[in-house]
Undergrad: 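To start, I am sharing the structure in question, which I have written as structure tokens.
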Amino acid sequence: MSKNLVIVESPAKAKTIEKYLGKDFTVKSSFGHIRDLAKGDGAIDIEKGYLPNYIISPDKKKIVTELKKLAKGADMVWLASDEDREGEAISWHLSEVLKLKASNTKRIVFHEITKTAILNAIENPRDIDENLVNAQQARRVLDRLVGFQLSPVLWRKVKPSLSAGRVQSVAVRLIVEREKEVQAFTTSSSFKVQGLFEASKKGIKGDLSKRPATVEEANAFLESCKGANFSVGKINVTPAKRSSAAPFTTSTLQQEASRKLGYNVSKTMLLAQRLYENGHITYMRTDSVNLSEFARDNAKGSIVKEYGQEYSKPRNYTTKSGSAQEAHEAIRPTSFDVSAAGADDGQKRLYQLIWKRAIASQMSDAQLERTTIDIVNDKNSDVFKAKGEVIKFDGFLKVYLEGTDDEDEEDESGLLPRVSEGEQLGVLEISATQRYTRPPARYTEASLVKRLEELGIGRPSTYAPTISTVQKRGYVVKDEIEGKKRDFDLLVLKNDEVSKVTNSENYGADKNKMHPSDIGKVVTEFLIQHFGEIMDYGFTAFVEKEFDEIADGMKNLSEMIDTFYNPFHKDV
DNA sequence: CAGTGAGCGAGCTTCCGCTTGACTT
């Protein structure tokens, strides 16, 4: 029997850490939480200050028995769950269930699985932070009270087996309200005027600054250009730079895998799990954009070797998310020297995305030159603008460019021919195309995750399950929405003649987007009406602040829950 | 008398967050 028992949350982590610590240490995993609130209404004794009644989760009985045995035989037990609210609670539950004594129990934490970090943690143990544990218990109790009191109201008033909760109900609300905006949207149209000019046999495309609102105005403008002489007005050249994005967190990985690979969030997480288990990437449920020193050095080496010194720009990113707990590193390859990994095509593509994003995050800015050429004429005072962008130094763009959710037509800015101010230009044609405004985009799974994260709602481990719950309950569906046809006018001025045609286009088609079912709308409407506080987008942020106060020892659990629960229970 | 169907009552659903297998299909 080994002298030291170290307990972490994840078995893959345990394996790595065991290698760093040597023979005297046995490293085991608790597989996450080992205890949870009991099933029914008796789980929380409200009279006794919301005293929670915990039971060992059925699927954890075996591991708990094993850990008990190992703990008994060990001289020292090191509780090494994550350094966040949930992790602290896991350590506390372990110490309760395994009946650990303070004299031979130590709590250690680290934010990265590197040898230095682990050894450093062993050197600097601490005690379990009971305030932080209480904050977790408050979180757990509040979620249970909300979920298990609201859901039965829905069974009685709407339909059996429905559910409501702090996270899922707000997620559905986002989708319901977005759909309302889509339905209420009134489209208008205007004309996009584009001129195709010519300078010494090379074409220049310029867009008119103003957009005529009606076909008459568009026509009038084209008429006013008849016989016009076009020439180059002001030329504006500005240097610009573009910086790489931070390495992936769970939420940004889900978004980018959705945009670039077309994976839904559960597929992304499943593939990432496999890559993690096989040691190819770091932990995939994280809200941190931080890279370990080891990783930054490793990336630098790879970049210098592969692309050259001038492509390397080591740096640290800081999180923008207020709710981040940063118990782990960002998602990155375990070794930057390995540019391909994975057991199947899906894993390989996801690995490559992770590798590129992480390595680009340590690469130089791209240096650009943006050019705007004004094109003026002698018949009216309107100005066409031709825009071009030239990459002077590609930097991180050599490996990676972040995708966007924006569906609007991208400006095709590229190389512009060399011209000088005052130079006469030929005109090939000027067109005016009727363009309609578009309603806000419906959420994809990934863009919903993005919105939830911005609101501080949910955690990396729950984004994918939440998305599947709201669909399983039938609140939200992901059907294909068929497009409709509509006409648009196209006016062209060519050889001093204006011609007009009416073409038709499809619009409004949507697939893989989330929209609410009738049940989703009814339930959301009902909950907003009677439980406005919980349905408020700021509710989670508000209670998080209170949890923080508990964690800081400024407030106690029963006080905090009391102020919420009493009015809430009355409403129920 | 066997088979069918209406009507009734009992028991169940449900939260969020931390982890993977162990199950089906």
Side-chain angles (χ1 to χ4, degrees), chain A residues 7-15 28-41 43-44 52 54 56-64 67 80-94 133 135-172 250 269-270 272-274 276-278 283-287 323 325 327-328 452 456-470 472-475 523 527 531 534 539-540 543-544 547 568 572:
Chain A
I7 304 175
V8 296
E9 293 183 35
S10 148
K13 226 189 232 184
K15 251 180 24 195
K28 285 284 166 186
S29 139
S30 72
F31 293 80
H33 275 293
I34 52 161
R35 285 205 301 189
D36 193 15
L37 291 175
K39 261 187 166 177
D41 288 336
I44 298 167
Y54 295 110
I56 312 247
S57 313
D59 57 330
K60 299 294 166 54
K61 289 223 160 101
K62 229 176 103 184
I63 186 70
V64 167
L67 289 174
S81 49
D82 298 345
E83 186 172 34
D84 55 22
R85 204 163 59 203
E86 298 296 327
E88 204 65 19
I90 288 174
S91 277
W92 176 75
H93 282 299
L94 281 167
V133 174
Q136 191 276 345
Q137 299 199 85
R139 199 279 304 154
R140 183 68 192 90
V141 164
L142 181 119
D143 281 336
R144 169 60 66 87
L145 289 172
V146 170
F148 276 36
Q149 299 210 4
L150 277 189
S151 300
V153 176
L154 296 180
W155 305 342
R156 288 195 299 271
K157 297 282 180 191
V158 188
K159 199 178 115 173
S161 300
L162 291 178
S163 64
R166 174 177 59 84
V167 172
Q168 59 169 285
S169 297
V170 178
V172 177
T250 301
M269 293 313 284
L270 188 76
Q273 178 81 30
R274 297 284 166 265
Y276 166 69
E277 285 166 2
N278 290 311
Y283 197 55
M284 64 283 151
R285 287 183 281 267
T286 176
D287 51 21
S323 58
Q325 306 197 6
H328 309 272
L452 288 172
I457 298 170
R459 303 278 313 132
S461 67
T462 60
Y463 295 140
T466 300
I467 298 285
S468 86
T469 298
V470 298
K472 224 186 306 175
R473 298 275 177 275
Y475 292 145
V523 166
L527 290 174
F531 302 97
I534 288 159
F539 179 66
T540 289
V543 291
E544 281 289 338
F547 297 149
F568 168 71
V572 172

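Convention: sequence-line order gives letters A, B, ...; per-chain numbering from 1.
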Undergrad: For nucleotides 13-23 of chain B, read 5' to 3', which letter fits each nucleotide if B means a protein heavy atom sits under 4.0 Å from the base, S means only the sugar-phosphate is that close, and - means neither?
TA: BBBBBBBS---
Undergrad: Considering residues at least two apart in sequence or located in another chain, which fulfil the ring-ring contact (aromatic ring centres under 6.0 Å, His included) criterion with A:Tyr276?
TA: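 By the ring-ring contact (aromatic ring centres under 6.0 Å, His included) rule, A:Tyr276 matches A:Tyr283.
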Undergrad: Within a radius of less than 6.0 Å around CG of A:Asp59, do more than 12 heavy atoms belonging to other residues, nucleotides or ligands occur?
TA: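 Correct, the count exceeds 12.
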Undergrad: Counting C-beta onward and ignoring hydrogens, is there a side-chain heavy-atom pair between A:Leu154 and A:Leu527 closer than 4.5 Å?
TA: yes
Undergrad: What's the shortest heavy-atom distance between A:Leu67 and A:Ser30, and which atoms?
TA: CD1-CA, 4.3 Å
Undergrad: Starting at the 5' end of DNA chain B, what dot-bracket string do you get if Watson-Crick and G-U pairs under 3.5 Å are bracketed, crossing pairs use [ ], other-strand pairs use | and unpaired bases use dots?
TA: .........................
Undergrad: Taking side chain as C-beta onward, heavy atoms only, is A:Phe31 less than 4.5 Å from A:Lys62?
TA: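 Result no, sub-4.5 Å side-chain heavy-atom pair not found.
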Undergrad: Going by atom types alone, do A:Ser91 and A:Ser81 pair a side-chain donor with an acceptor below 3.5 Å?
TA: yes
Undergrad: Quick one: pull up CG in A:Asp36 and OH in A:Tyr54 and give me the separation to the nearest 0.5 Å.
TA: 8.0 Å
